[in-house]
Structure formats: structure tokens, C-alpha cells
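Here is the structure we will look at.
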Amino acid sequence: MTTHHHAEDIDWEAMSDQLVSQAELYVPAFEEAAAWLRGQVCEGQEATEVRRVLDVGSGPGVVTSLLARAFPAAEVVAVDQAEGLLERARAYAAEHGVAERVVTRRADLPGDIDALGEADLIWSRNTVHHLGDQQGALHSLGALLRPGGLLAVAEGGLPPRFLPRDIGLGRPGLQARLDVALEEVFTAMRADLPGTTSVVEDWPAMLAQSGLVPTGTRSFLVDIPAPLDVSARRYLHGHLVRLRDKVADRLPEEDLRTLDYLVKEDDERGVLWRPDVFYLAATTIHTARSCTGK
């Protein structure tokens, strides 16, 4: 996902491999979520009734292709700011046999939302929270829905867990302290967004405030027990390298030294080699329907 803001200086295109690796860890959960969404948006009809799907903040397009498989008659539009990620989305679609139904659209959010065109289903994961006026963004997205269409917003859930409380390095409870540091970074990011507006992040209530009818909230679990395979370890290693830079000024030196050990590539205490590394996370999806027409 990429959006137009100033609080984070992230080269999303350079992170494309990391973004694909992350999304692929979540594919089983996303497939379960897509089945749930299919049941909601079709309401007993065939999935072929869904003709156009928007993946807003698509990144490299892993979920875009998954949605194309879930809705076999739909044009699925990957929407992102970074042209390099859209190129990756096209390549991913070709690799997974859905290139004829996946198209890409470069857009700066939130300004270009109104130009995206109508859709039967709009999916947006971890995108709205990067926009200053979250309520306004939901209103704009909801306005794109065809009569009876569904907006699915993946926001919140539970942050990933991947190590025991006591890892034999530094002070126990490292992940809890990382959570606090990341929450501070997130709060600073939100405060620095253009047009930032404070709102109680009750997503069903926000969807209702946008003129939609909330239809449900569900969380989908990613549960990969130890020991992780090589690809998952490589993703986690990259994640920790970036995370260390992100929170370096918010953690004590002892914790930074622990992170340094964890990202060493030739040390059995690092995440590339430890036998106790796992991956556990939850993605929460909030849905709401356009109340006109059905």
C-alpha cells in the first residue's frame, strides 16, 4: 500500500519483494476472508454477478490476484500510487493466470478516489489509516459502490508475534516494548498527515457515518508454528531490519543490541536460525453495504 503523505519516508517500490513475502504469509487467511466476502456481496447469487472490484492500496497485487480468483467474472483493479508496485501487480497476475481480468490504476489518495469509478466490491487493507481524514476517505469510497455493493476495510487486528517472551537475549518482553514503540511511531505518523482529523476508530460506526449499512466484522488468523520455513524467516529478517531503524530512537540500548543479534545472518541466535521462531497475527475486516437498490 502506498499513499501520499509526509510522515513516513518509505520507498515502497524498493520494498516490493518484502511486501510480496508478507502478503503471501497471509494468503490462507485472505482466501478465507474472500470466501466470507463472497457470501456477503453475492447474497445467495452467483459470484459471477460481481463485475468490478477495486483493491485500493494494492501494493504488489497479491490480494488483487486472489480477488480475481474469488470473483471469476470481475474486472479487478489494483489501485496504488507507486507505478513500480503496479508493474509488480501485473506480473503477479500473469504468474497466477488472471492477467486478462486484472488492470492497474495509478492514483494519489485521497485526492483521486472519486475518479476510480464504481464497483460491486471495494477492498482496502491498511490504507485508510494512512489518510489524514479517515472518515472522509470512507465516505468517498462508499460513494463508489454500486447499489448493494460492499466495502471491506481491513484495519486493526493484532500485531504479529514471532518470538517467545524470554528469548535468552536481553531483558524478557522485547515484543511488548516493540509494540509500545511502534504505537508511538504510528501516532506521530497520523499527527503529521495532511489534513489529519482525530476520530474514534470505531470502524463499524465510521462506516455507518459514511451512509453505509455495517454487515459484519471478522478477524482472520495467520498461525504458522515454529520452526518457520526459509521464506518466512527471510521476510521476518527484513521486517526486523526495517523495524530497528524505525524505532531506534524509542528503545533502550539493551533492546537495540538484542535486535542487532536477531538480525545477524551468521549467528544462531538470529531469526534466520533460531528454532523457536513462529508467526502469529490477526487481520480484522469490517464490512458495510450500500443501502440503495437492494
Side-chain angles (χ1 to χ4, degrees), residues 1-2 8 10-33 58-66 84-85 88-89 91-92 95-96 125-126 154 157-183 185-186 219-248 250-251 253-284:
M1 187 289 308
T2 62
E8 293 177 294
I10 300 173
D11 186 347
W12 293 101
E13 296 184 9
M15 288 180 58
S16 62
D17 287 343
Q18 183 79 351
L19 292 172
V20 169
S21 296
Q22 181 194 47
E24 288 183 337
L25 287 181
Y26 284 72
V27 161
F30 289 151
E31 289 176 337
E32 186 181 355
S58 62
V62 175
V63 176
T64 310
S65 289
L66 186 152
L85 292 181
R88 187 67 180 264
Y92 196 91
E95 291 168 9
H96 291 79
R125 176 175 180 257
N126 292 344
L158 295 174
R161 287 288 178 272
F162 42 84
L163 288 168
R165 184 190 68 88
D166 190 337
I167 62 173
L169 289 170
R171 185 160 63 98
L174 174 65
Q175 288 217 255
R177 295 189 295 280
L178 288 175
D179 285 348
V180 172
L182 285 170
E183 189 63 40
V185 170
F186 183 83
S219 293
F220 296 88
L221 192 66
V222 179
D223 184 5
I224 309 174
L228 290 186
D229 63 21
V230 172
S231 62
R233 287 175 183 273
R234 280 290 174 192
Y235 161 72
L236 187 55
H237 179 269
H239 170 72
L240 286 178
V241 169
R242 178 170 172 262
L243 186 150
R244 190 204 184 284
D245 290 341
K246 199 171 187 179
V247 301
R250 299 176 186 272
L251 287 178
E253 284 298 322
E254 182 182 19
D255 286 343
L256 294 177
R257 286 194 298 272
T258 299
L259 286 173
D260 288 338
Y261 280 116
L262 289 173
V263 299
K264 285 185 176 180
E265 299 193 18
D266 58 353
D267 192 314
E268 64 183 9
R269 294 170 292 183
V271 294
L272 293 177
W273 300 101
R274 299 179 65 96
D276 56 359
V277 178
F278 59 93
Y279 196 88
L280 179 66
T283 293
T284 299

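What's counted below: heavy atoms across the whole structure, side chains too, no hydrogens, waters or symmetry copies.
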Between Leu25 and Tyr235, the two heavy atoms sitting closest are CD1-CD2, 3.5 Å
From the list Leu251, Leu178, Asp255, Leu256, side chain to side chain contact (heavy atoms under 4.5 Å, CB included) with Arg244 holds only for Leu256
In this structure, CG of Asp266 is separated from CG of Leu272 (nearest 0.5 Å) by 9.5 Å
- Task: Step by step, work out the side chain to side chain contact (heavy atoms under 4.5 Å, CB included) result for Leu259 and Leu174.
- Result: CA-CA 9 Å; Leu259 286 173; Leu174 174 65; 4.2 Å; yes
Next on the checklist: For a side chain to side chain contact (heavy atoms under 4.5 Å, CB included) check, start with the C-alpha distance between Asp229 and Ile224, then their side-chain angles and the critical distance, and finish with the verdict.
Outcome noted: CA-CA 9 Å; Asp229 63 21; Ile224 309 174; over 6 Å; no
* Leu221 versus Leu280: any side-chain heavy-atom pair under 4.5 Å? -> yes
(message) Keeping Arg165 on the side-chain end and Gly173 on the backbone end, is there a donor-acceptor pair under 3.5 Å?
(response) no
In terms of heavy-atom contacts, Pro60 and Tyr92 come closest through O-CB, 4.0 Å
* Does the side chain to side chain contact (heavy atoms under 4.5 Å, CB included) test come out yes or no for Arg88 and Asp17, once each step is laid out? -> CA-CA 9 Å; Arg88 187 67 180 264; Asp17 287 343; 2.7 Å; yes
Quiz item: Does Leu163 offer a backbone N or O that forms a donor-acceptor pair with the side chain of Arg274 under 3.5 Å?
Solution: no
Value for OH (Tyr279) from CD (Gln22), rounded to nearest 0.5 Å, stands at 5.5 Å
Requested in this report: Return yes when atom CD of Glu268 has more than 12 non-hydrogen atoms of other residues, nucleotides or ligands closer than 6.0 Å, and no otherwise.
Outcome: no
The reported gap from CD in Glu95 to OG in Ser65 (rounded to nearest 0.5 angstrom) is 8.5 Å
Open item on the list: For the OH atom on Tyr261, are there more than 12 heavy atoms of other groups (residues, nucleotides or ligands in this structure) within a distance under 6.0 Å?
Closed with: no
Heavy-atom closest pair (Gln175 atom, Pro160 atom, distance to 0.1 Å) is NE2-O, 3.4 Å
Discussion item. Before you tell me yes or no, could you show the steps for Leu240 and Phe162 under side chain to side chain contact (heavy atoms under 4.5 Å, CB included), namely the whole-Å CA-CA distance, both residues' side-chain angles and the distance that decides it to 0.1 Å?
Written reply: CA-CA 11 Å; Leu240 286 178; Phe162 42 84; 3.7 Å; yes
Arg171 and Arg177 have their tightest heavy-atom pair at O-NH2, 2.8 Å
Decide, yes or no, whether a salt bridge links Asp179 with Arg161 under the criterion of side-chain N to carboxylate O below 4.0 Å.
-> yes
Side chain proximity check, Asn126 to Thr283, heavy atoms < 4.5 angstrom: no
Any cation-pi pair here, Arg125 with Phe30, using under 6.0 Å and within 45°?
no
Looking only at heavy atoms, the pair that brings Pro275 and Arg233 closest together is CA-NH2, 4.1 Å
CD of Glu24 to CG of Leu66, rounded to nearest 0.5 Å, is 11.0 Å
Closest non-hydrogen atoms of Val271 and His237, given as atom of the first, atom of the second and distance, are CG2-CA, 3.9 Å
